[in-house]
Amino acid sequence: MESEAFMGAKIALVCGADLVAYKRDDIPAIPWPGLWDLPGGGREGAETPADCALREVEEEFGLALAPGRVHWCRRYPAMLDPQRSSYFLAAEIAAAEVAAIRFGAEGQYWRMMPIEDFLVLPDAISQLQRRLSDYLSGRR
């Protein structure tokens, strides 16, 4: 995975036909308040895309996943600054890992959601819906 300058990374954590999704805090001062989101966030230091996404997964959901678990990664224009780049990744997780999730302090709540449901939610971040669709097209 490339590690040139990029803003951040989001990741689809997939377990069968479901994925981990969370409802963002409903605070007007943050981007996408109250929308459904996927794990991830801003890059720190010289992190690779996988390092960034997986650090956020551990901070937000209490799951420590090895970088080798990431099986899909693509660069996109960053959602907050399209002149810069960000990454969208995907990793499979097991049911035991879902059971081990410990939701952090960001967001209202999380849930396992059918992938197909996330794709059509009117209150999900639309860029992530498109990126998730790209991932699904690549694995079919």
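No experiment lies behind these values; they were computed from the predicted model shown.
- Side-chain contact check for Asp37 versus Lys23: every heavy-atom pair is 4.5 Å or farther apart.
- Atom CD of Glu60 and atom CZ of Phe103 lie 7.5 Å apart (nearest 0.5 Å).
- Contact detail for Gln129 and Leu119: the closest heavy-atom pair is NE2-O, 3.2 Å.
- Taking all atoms of both residues into account, the shortest heavy-atom contact from Cys52 to Ala9 is SG-N, 3.7 Å.
- Between the CZ atom in Arg69 and the CG atom in Leu63 there is a gap of 9.0 Å [rounded to 0.5 Å].
- Inspection of the Ser137 and Asp134 side chains reveals no N or O donor paired with an N or O acceptor under 3.5 Å.
- Note on Ile115 and Leu121: same hydrophobic cluster, where clusters join Ile, Leu, Val, Met, Phe, Trp and Tyr whose side-chain heavy atoms are under 4.5 Å apart, directly or indirectly.
- A heavy-atom distance below 4.5 Å is not found between the side chains of Tyr76 and Tyr87.
- Phe88 has its ring centre no less than 6.0 Å from the ring centre of Tyr135.
- Once rounded to the nearest 0.5 Å, the distance linking OG of Ser86 with CZ of Arg43 reads 12.0 Å.
- Side chains of Leu89 and Lys10 form no contact here, defined as non-hydrogen atoms less than 4.5 Å apart.
- Contact check for Glu97 versus Phe61: no side-chain heavy atoms found under the 4.5 Å cut-off.
- Between Ala53 and Ile11, the shortest heavy-atom distance links the atoms CB-CB, 4.1 Å.
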Atom pairs and distances, side-chain donor-acceptor, residues 77-85, under 3.5 Å, sequence neighbours left out:
unit_1, atom_1, unit_2, atom_2, d
Asp81, OD1, Gln83, N, 3.1
Ser85, OG, Glu4, OE2, 3.3
Ser85, OG, Ala5, O, 3.4

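- Of the candidates Leu38, Leu13, Asp117, Leu19 forms a side-chain contact (heavy atoms from CB on, under 4.5 Å) with just one, namely Leu38.
- Enclosure of atom CD in Glu92 by more than 12 non-hydrogen atoms of other residues, nucleotides or ligands within 6.0 angstrom is indicated.
- Distance CG/Leu136 to CH2/Trp72: 9.0 Å, rounded to 0.5 Å.
- Looking only at side-chain heavy atoms (C-beta outward), Leu65 and Glu58 stay at 4.5 Å or farther from each other.
- The nearest pair of heavy atoms linking Pro28 to Asp26 is CD-O, 3.9 Å.
- Side-chain contact check for Arg131 versus Arg74: every heavy-atom pair is 4.5 Å or farther apart.
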Side chain to side chain contact (heavy atoms under 4.5 Å, CB included) assessment of Met113 paired with Asp18: CA-CA 5 Å; Met113 178 181 296; Asp18 297 331; over 6 Å; no
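- With contacts defined as side-chain heavy-atom distances shorter than 4.5 Å, the pair Pro67/Asp51 qualifies.
- For the pair Val20/Pro39, a side-chain contact is recorded, criterion being any heavy-atom separation below 4.5 Å from C-beta on.
- Summarising the geometry, atom CZ belonging to Arg111 is positioned 10.5 Å from atom CZ belonging to Phe118; distances are rounded to the nearest 0.5 Å.
- In this structure, the side chain of Arg24 engages the main chain of Pro31 through a donor-acceptor pair within 3.5 Å.
- Note that CG of Leu132 and CD1 of Ile125 are 12.5 Å apart. Values are rounded to the nearest 0.5 Å.
- Judged as a ring pair (Phe, Tyr, Trp, His ring centres under 6.0 Å), and not counting sequence neighbours, the contacts of Trp36 are Tyr109.
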